[in-house]
Structures are given as structure tokens and as C-alpha cells.
Number of protein chains: 2
Amino acid sequence: MVEDTRGPADGSRRRDAGATREAILISAVEAFTRAGYDGAGVREVAGNAGVTAMLVNRYFGSKEQLFAEAVDRSFAPRTVVGDDPDALSEQTAKAVARRTAPYADDLDPFLLMLRSAANPRAAEIIRAGIERHVGGHLTGLLSGTDAEARAELLLSLIAGVWLMRKVVATPALAGMDEESLAVRLRELMRMLVDPPPDGAGP
Amino acid sequence: MVEDTRGPADGSRRRDAGATREAILISAVEAFTRAGYDGAGVREVAGNAGVTAMLVNRYFGSKEQLFAEAVDRSFAPRTVVGDDPDALSEQTAKAVARRTAPYADDLDPFLLMLRSAANPRAAEIIRAGIERHVGGHLTGLLSGTDAEARAELLLSLIAGVWLMRKVVATPALAGMDEESLAVRLRELMRMLVDPPPDGAGP
DNA sequence: CCACCATGTCTACGAGTGTAGACTCATGTC
DNA sequence: GACATGAGTCTACACTCGTAGACATGGTGG
């Protein structure tokens with residue numbers, strides 16, 4: 001009886017709206033992270049959740065709204081940037097180096113962003129998600145002038161490394177060991193975090 | 001007589017294989033830069049070149065091969081990173097700040113990359129294109145240890161800023177004035193270009 | 001015990017995709 | 001002036017996409 005390919009073993013979860021909705025959302029995060037907004041289909045998301053495509057639209061309204069909730073779910077936990085302002089450079093650099101290592105393929109919000117930003121609708125949703133979850137939080141951790149811009153530059157650096165190391169897979173960066181990368185990144189991040197260079201007064 | 005929408009006014013270029021091929025390639029660079037590999041269709045590329053979709057495949061074999069040639073064409077001219085090793089940080093920082101300004105919407109290879117990297121086939125083609133055109137050139141400009149990795153980190157920084165400022169359009173970075181951004185970027189790039197920190201001898 | 005409503009599925013549509021084969025027509029040479 | 005060759009087009013196929021409406025079904029309150 002191999003009738004059902006994936007999902008909850010065809011008998012565990014039946015007629016449980018909350019659990020089904022959750023399963024769809026989790027499947028959506030996984031699919032959007034792996035293939036991006038345009039590359040992931042509603043049928044694929046539904047299939048990996050053990051339901052039909054129509055149920056996705058019944059619960060989430062449309063693919064776009066499903067993506068919006070998936071972005072929220074993916075960006076909500078702070079897995080990359082920590083909470084301690086003093087150790088921000090150190091911890092973030094280590095986290096980026098570790099989570100972009102070749103063996104690690106977690107479900108990172110950065111991967112979801114990089115693979116979905118090509119679509120303008122998706123890009124707008126991502127922008128809103130960043131502003132709501134990470135942008136404000138990160139800006140609050142920084143002190144000095146241009147905190148918001150420096151926070152977004154920090155995100156730019158992280159996203160760029162993620163892109164080149166994991167998505168495009170440029171050889172030297174993809175093969176770089178975690179320690180060396182963490183050292184380089186920490187120095188770069190220190191420049192954005194610690195000393196606000198500021199314009200010298202006249 | 002508004003029978004033909006775009007292209008060479010329906011009478012200028014007729015039965016000129018070379019010119020037609022060139023027109024298709026230019027149209028492809030524009031379309032792939034604006035919408036990415038998945039977002040741009042062969043019919044759209046053909047239409048903007050004033051021909052039919054089939055001619056594209058007749059000249060380029062397939063959409064994938066067309067994309068490969070478009071990547072080559074887009075990455076060949078060195079418009080962002082200069083040729084002078086001494087002024088590399090200064091010139092590159094200024095170029096990035098200027099070409100990611102809100103008013104500027106040129107046909108940048110970085111935009112093409114960012115909007116196409118979601119597709120794995122396209123990502124592989126882009127990786128090859130970077131290695132062939134910019135990677136080696138940039139590595140040659142750097143001296144010291146880990147030149148290749150530092151070159152790719154430089155590209156990561158550029159790509160990240162391009163992504164956040166132009167594609168995702170994060171507010172603070174999108175609205176940042178060119179001068180301030182150039183200053184920040186120059187300092188960050190100096191750290192990757194000028195002094196190879198190197199491991200201190202034991 | 002039965003009816004009801006939420007939960008989930010089936011069929012289908014219209015549009016769009018990349019691409020293959022057959023076709024038309026202009027152009028240059030004998 | 002007829003004809004071969006190459007430039008370009010037309011029609012069509014097999015497929016996927018997101019989504020709408022009608023239908024089936026299971027758990028639960030009366």
C-alpha cells in the first residue's frame with residue numbers, strides 16, 4: 001500500500017484544520033526556501049503536506065498570501081543575528097560562516113529571500129518582512145549615527161556572502177573553511193557595528 | 001501604420017542574420033536583467049527584437065544557451081570594478097554607490113545575477129561567467145594571502161548592497177545618498193583590498 | 001439516530017511555457 | 001529569368017501554472 005507518497009502516513013492527521021494549516025505552512029517554507037517564489041508550485045507545496053492544491057488556496061487565499069505567511073514564519077526566529085550588542089560582530093560572523101558551510105542546508109530566511117527576490121511581488125513582501133522582523137531589531141542594537149543604514153549594510157554583507165557561498169557557489173568562497181571566513185567577516189562587521197566613524201566636526 | 005510594435009521599424013533590417021542575432025542577444029540581456037531567467041520568456045525576448053520566438057531557438061539552440069550568451073555579454077565589460085589596483089576601493093565604492101542610485105537603472109550584470117540565481121541551471125551558468133570574466137581579473141588585482149577568497153568576498157559585498165538597495169529596496173539603504181554610501185563602502189572594501197591581515201607567525 | 005457543517009477532494013478552465021516541424025518568401029547566382 | 005539557399009514565420013504539441021466551482025466525507029450536537 002504505497003498509495004500516499006508523503007505527509008502524515010495517510011492516517012495520523014485527519015480532519016484537523018489547525019494541524020493541516022500548519023503542515024501546509026511548513027511545507028511552503030521548505031519549498032520557497034529551496035526553489036524560490038516562482039520556482040515552487042502550489043501543487044508541490046500541497047503534495048509535501050499531504051493535501052490537495054485547492055486546500056492551500058482555501059486556507060491561505062492565494063499563493064501570494066501563502067508566501068507572505070511563509071516569509072513571516074521564516075523571518076520570525078532570530079537565528080543569525082543575536083541579541084547581545086557587544087558580541088554582535090563575533091556571534092553573527094560565526095553564525096554566518098557556520099550556516100553557509102557546504103554540509104549545512106537549513107531553512108534560512110536568507111536563502112528564501114535570495115531565491116524569491118526576482119519576483120517583484122515577492123520582493124515587496126520580503127522587504128516588509130525584513131522591516132518588521134530583523135531590520136528594526138538590528139537597528140536597535142546599534143548605536144551612533146546612521147544606525148538604520150548600517151544595520152541594512154550589515155544585512156547586505158550577510159546576504160551577499162550567503163548568495164556567493166551557497167547559491168552561486170563561487171569556488172573559493174564555497175570551499176573556505178569556517179574559521180577563516182568568520183575572522184574576515186568579524187572584522188568587516190566590526191567596522192559597521194562598533195565604531196560609528198561619523199563626520200568629524202568642523 | 002502601427003503594425004509592428006517594436007524593433008527596427010519593420011523595414012530597416014531585413015534578412016540580415018548577424019544584425020538579427022545581435023538584436024536578439026541585446027533584447028535577451030535586457031529581459032533577463034529586468035525579470036530574471038525564469039521571469040523572462042522566449043516570446044518576450046523575440047518580440048522586443050522584432051522577430052518570432054522560433055528564430056531565437058534557431059539561432060541560440062535553447063533558452064539556456066541564449067542565457068549563457070547573455071551572461072557572457074553582460075559580464076564582459078568591466079563597468080564596476082576598475083583596472084587600477086591602487087584606487088580599487090575608491091573607484092569601486094563610488095561605482096557601486098552611483099549605479100545603485102534610485103534614478104539609475106542600467107543593465108548591470110549584478111541585477112542579472114540577482115534575479116536569475118534562483119534557478120539552479122542559471123546559477124551554474126552565472127558561476128562560470130563570474131569565474132571567467134570578473135573573478136580571475138579581480139583576484140589578479142589583489143596581492144597577499146587568500147586573494148581569490150578576498151576577491152569573492154568583495155563581490156559578495158557588492159552583490160549584497162545591490163540586492164538590498166535595488167531589488168529588495170530596503171528603505172534606509174535605498175534612500176541613502178551616494179556620498180555617504182561610498183564612504184562606508186570604501187572603508188569596508190579597503191579592509192579586503194589593502195592590508196592582507198595574514199596570520200601572525202608563531 | 002440523524003442531520004449539519006466544516007474539512008477535504010475532483011474535475012476543469014484559461015493562460016502561458018519551451019520547443020519541434022513544416023511552411024513561405026526574399027535574395028543572389030547561373 | 002529560373003532556381004537553389006538561407007532568413008523568417010505559422011501552427012501546433014505537450015506540459016505546467018494558479019485558481020474556481022461542484023462534489024464527497026467525516027466528526028459531532030440535537
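So that the names make sense, note that chain A is the first sequence line, chain B the second, and so on, each numbered from 1. Quantities reported herein were computed from a predicted structural model and do not represent experimental measurements.
- Residue B:T20 has a polar side-chain atom (N or O) positioned under 4.0 Å from OP1 or OP2 of D:dG8.
- Residue pairs meeting the ring pair (Phe, Tyr, Trp, His ring centres under 6.0 Å) criterion with at least one member in residues 46-88 of chain A, sequence neighbours excluded, are A:F32-A:F67, A:Y37-A:F67.
- The nearest whole Å value for the distance from the CD atom in B:Q65 to the C1' atom in C:dG18 is 13 Å.
- Among residues at least two apart or in separate chains, there is no ring pair (Phe, Tyr, Trp, His ring centres under 6.0 Å) pair with a member in residues 164-188 of chain A.
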_Per-nucleotide protein contact string for nucleotides 17-22 of chain D (B base, S sugar-phosphate only, - none; heavy atom under 4.0 Å)_ = BBBBB-
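- Contact annotation for B:Y59: backbone-only contact, meaning every heavy-atom pair under 4.0 Å involves sugar-phosphate atoms and none involves a base.
- With a 4.5 Å cut-off on side-chain heavy atoms, B:E152 and A:P171 count as touching.
- We find that CG of B:L55 is positioned 14 Å from C1' of C:dT19, with the value rounded to whole Å.
- Under the salt bridge (Lys or Arg N to Asp or Glu O under 4.0 Å) criterion, the residue pairs touching residues 140-149 of chain B are A:R184-B:D146, with sequence neighbours excluded.
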Show me the donor-acceptor pairs within less than 3.5 Å that the side chains of residues 78-88 of chain A make with the rest of the protein, sequence neighbours left out.
residue, atom, partner, partner atom, Å
A:R78, NE, A:D83, OD1, 3.4
A:R78, NE, A:H137, NE2, 3.3
A:T79, OG1, A:R99, NH1, 2.8
A:D83, OD1, A:H137, NE2, 3.4
A:D84, OD1, A:D86, N, 3.2

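- Sorted by first and then second residue, the ring pair (Phe, Tyr, Trp, His ring centres under 6.0 Å) pairs involving residues 138-177 of chain A (not counting sequence neighbours) are A:F110-A:W162.
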